[in-house]
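Before anything else, here's the structure in question.
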Amino acid sequence: MAQFWTDPYERLGLRGNPFIAEQIPGVADDLWLDRGISQAPQPKARTLVQLIGEKGAGKTSHLLHWRKQTGGSYRYYPPGSGRWQVPPVEPTAYWDEADRIPTPLLLGALAQAARQRATIVAGTHRDLSWAGRFVGLRVRTIEFPKLTPEIILIWAEQRIAAARLPGIRSVGLNLDQANLERISAQSGASWREVATQLHIWAANWAANPAQPEEMISSGSILE
C-alpha cells in the first residue's frame, strides 16, 4: 500500500529543503568542503593574504574557517559610513570586504602590520596587492575559480546527507548531469547562486505530485 505524507520533503526522506540559506555566516565543520586552501595562513608572517572573489564565492566562510584555527580579530566592513573603522592588527587578523576600507585607514593598518610582522587576511572584490607591497608586506593572492559540475555535486550531496531523516538509506532527489551543468553555467564562482538554484530545484522536485510513490513504498529510500 502506498504511504501518504503530509510534508513533501518527508516524502523524499528529508527533514526539509537541504539548501535552505544559512542563518549565520560561515559553514559548519561537518559541511566544510576542502578545495585545497583550507589550511590557515601562518601568524606573524609579514604577509597580506587576499581572497578575491565575487559575491557569494566563499570569502567570508574561508575567513571564519581559518580564524577557528588561528584565533585573531575578525572585522566586517559594511558599505556607507560603517566602513570608517580602524582595521585591527594582530599576529593574525581578518578583514572582510576589505576593498571598502578607506585608503588612508587601509594603508595605515597595513603599514602597522608590516612593522609588527603580522599576517592580514583580507576578503575582497578588488586586488589590494598594490597596498600590501607599498608598505613592504609579502602578498599571497587566492582567487576563487568557477564552480564545476563535479564540485557542485559533492557540495550538494553533503547537504542532502545532512538533511536525511533517521532510518533513511538514500533520498528521492536525483540531481542529474544536465542540471549540474546548467547550475554551473549560471553560477560562476558563487556558492550563493548555487544554493539558490538548488533550493528552487529541490522545492520543485518535492512539490511535484508526479514523483512516483513506488520510490518510497518499494523500500528504495526507507530502511
Side-chain angles (χ1 to χ4, degrees), residues 17-29 31-41 47-69 74-83 85 87 92-103 105-106 109-110 119-133 137 139-159 175 177-203:
N17 194 310
F19 309 109
I20 192 166
E22 303 285 348
Q23 297 302 305
I24 58 174
V27 177
D29 290 341
L31 293 176
W32 182 258
L33 180 58
D34 187 350
R35 301 178 68 194
I37 54 173
S38 292
Q39 183 64 41
T47 300
L48 168 63
V49 181
Q50 58 172 357
L51 300 177
I52 303 178
E54 62 183 87
K55 184 177 180 180
K59 301 184 297 296
T60 297
S61 294
H62 272 81
L63 296 184
L64 296 175
H65 183 73
W66 285 348
R67 187 186 180 215
K68 289 179 184 178
Q69 302 174 47
Y74 166 88
R75 182 159 296 171
Y76 168 77
Y77 284 85
S81 60
R83 66 195 184 99
Q85 306 175 58
T92 308
Y94 296 89
W95 305 347
D96 202 352
E97 304 288 357
D99 50 292
R100 294 175 178 162
I101 301 172
T103 299
L105 297 183
L106 177 68
L110 289 176
T119 296
I120 303 300
V121 187
T124 176
H125 296 276
R126 292 187 293 105
D127 184 0
L128 300 176
S129 59
W130 66 271
R133 293 193 178 103
L137 290 171
V139 178
R140 177 188 172 200
T141 299
I142 298 170
E143 296 192 49
F144 290 96
K146 183 180 183 297
L147 298 169
T148 64
E150 293 75 19
I151 199 72
I152 291 171
L153 178 60
I154 295 170
W155 186 89
E157 287 178 337
Q158 285 182 328
R159 278 154 179 75
L175 188 57
Q177 188 65 25
N179 268 318
L180 288 167
E181 290 178 358
R182 173 185 59 80
I183 293 169
S184 173
Q186 293 177 353
S187 300
S190 174
W191 284 116
R192 188 173 304 176
E193 183 60 28
V194 167
T196 298
Q197 294 283 337
L198 285 173
H199 187 279
I200 295 169
W201 166 79

**Asked** V121 and P41: which non-hydrogen atoms are nearest, and at how many Å?
**Response**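 Scanning both residues completely, I find the closest heavy atoms to be CG2-CG, 4.0 Å.
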**Asked** Any idea which heavy atoms bring P87 and Y77 closest together, and the distance?
**Response**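 So the two residues come closest at CA-OH, 3.0 Å.
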**Request:** Give a yes or no on whether the backbone of G53 and the side-chain of H125 come within a donor-acceptor separation of less than 3.5 Å.
**Result:**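 Indeed, once roles are kept as given, a pair shorter than 3.5 Å links the two residues.
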**Asked** Within the side chain of R126, is there an N or O that forms a donor-acceptor pair under 3.5 Å with the backbone of D99?
**Response**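 At least one qualifying donor-acceptor pair exists.
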**Prompt:** What distance do I142 atom CD1 and I37 atom CD1 have between them, rounded to the nearest 0.5 Å?
**Reply:**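 Interatomic distance, I142 CD1 to I37 CD1, rounded to 0.5 Å: 4.5 Å.
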**For T196, all residues meeting side chain to side chain contact (heavy atoms under 4.5 Å, CB included), sequence neighbours excluded** =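 Residues passing side chain to side chain contact (heavy atoms under 4.5 Å, CB included) with T196: I200.
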**Item:** Note, W191 side chain near L33 side chain (heavy atom, < 4.5 Å)
**Value:**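 Of all side-chain heavy-atom pairs linking L33 with W191, at least one is under 4.5 Å.
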**All salt bridge (Lys or Arg N to Asp or Glu O under 4.0 Å) counterparts of D34, not counting sequence neighbours** =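 Scan of D34 (salt bridge (Lys or Arg N to Asp or Glu O under 4.0 Å), adjacent residues dropped) gives none.
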**Prompt:** Quick one: CG on L48 to OG1 on T141, what's the gap to the nearest 0.5 Å?
**Reply:**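 It comes to 7.5 Å.
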**Message:** Could you report the tightest heavy-atom contact between P145 and A189, atom names first, then the distance?
**Reply:**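 Of all heavy-atom pairs spanning P145 and A189, the closest is O-CB, 3.3 Å.
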**Item:** Shortest non-hydrogen contact from E193 toward Q186
**Value:**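 Heavy atoms of E193 and Q186 come nearest at CG-O, 3.8 Å.
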**Item:** Inter-residue atom distance T47.OG1 - L137.CG, 0.5 Å rounding
**Value:**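 So the OG1 of T47 and the CG of L137 are separated by 7.0 Å.
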**Message:** To the closest 0.5 Å, what do you measure between CD (E181) and CD (E150)?
**Reply:**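 CD of E150 is found 8.5 Å from CD of E181.
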**Item:** Validation row: L175, L198 side chains within 4.5 angstrom (heavy atoms)
**Value:**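 Contact flag for L175/L198 side chains = yes.
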**Request:** Describe, in one word, how the ring planes of W155 and F19 are oriented to each other, choosing from parallel (under 30°), tilted (30 to 60°) and perpendicular (over 60°).
**Result:**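 Because their plane-to-plane angle is under 30°, the rings of W155 and F19 count as parallel.
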**Item:** Nearest heavy-atom neighbours spanning A131 and L106
**Value:**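 Looking at all heavy atoms of both residues, the closest pair is CB-CD2, 4.0 Å.
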**Item:** Note, L51 side chain near Y94 side chain (heavy atom, < 4.5 Å)
**Value:**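 Not in contact.
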**Message:** Tell me if a side-chain donor or acceptor on H62 pairs with a main-chain N or O of G58 at a distance below 3.5 Å.
**Reply:**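 Flag set: sc H62 to bb G58 pair under 3.5 Å.
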**Interatomic spacing from CZ in R100 to OH in Y76 - rounded to 0.5 Å** =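 Taking CZ in R100 and OH in Y76, the distance rounds to 4.5 Å.
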**Request:** State, yes or no, whether a side-chain contact exists between P78 and E97 at a heavy-atom distance under 4.5 Å.
**Result:**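 SC-SC contact between P78 and E97 ruled out.
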**Message:** Please check this pair: side chain of Y74 against backbone of D96, looking for a donor-acceptor N/O pair closer than 3.5 Å.
**Reply:**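 Flag not set: sc Y74 to bb D96 has no pair under 3.5 Å.
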**Message:** Test your reading of the model: is there a side-chain donor-acceptor pair from Q50 to the backbone of L128, 3.5 Å cut-off?
**Reply:**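 Yes, because the side chain of Q50 sits within donor-acceptor range (under 3.5 Å) of the backbone of L128.
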**Message:** With a 3.5 Å distance limit and no angle check, can you tell me whether S184 reaches the backbone of L147 through a side-chain donor-acceptor pair?
**Reply:**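 Yes; at least one donor-acceptor contact below 3.5 Å.
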**Asked** Does the Q69 side chain pair with the main chain of S38, one donor and one acceptor, at a distance under 3.5 Å?
**Response**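 Confirmed, Q69 side chain pairs with S38 backbone.
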**Heavy-atom pair of closest approach, residues T60 and P25** =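 Minimum heavy-atom contact is CG2-CB, 4.1 Å.
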**Request:** Taking K59 for its side chain and E54 for its backbone only, find out whether a donor-acceptor pair lies under 3.5 Å.
**Result:**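 Looks like yes, one N/O pair under 3.5 Å.
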**Message:** Quick one, T92 and W66 - any side-chain contact, counting heavy atoms below 4.5 Å?
**Reply:**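 In short, these two side chains do not touch, never coming nearer than 4.5 Å.
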**Asked** Do K55 and S190 have side-chain N/O donor and acceptor atoms under 3.5 Å apart?
**Response**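 The criterion, which ignores hydrogens and geometry beyond distance, is not satisfied for S190 and K55.
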**Request:** Measure the spacing between NE2 of H65 and CG of D29 and express it to the nearest 0.5 Å.
**Result:**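 Atom-to-atom, H65:NE2 and D29:CG are 7.0 Å apart.
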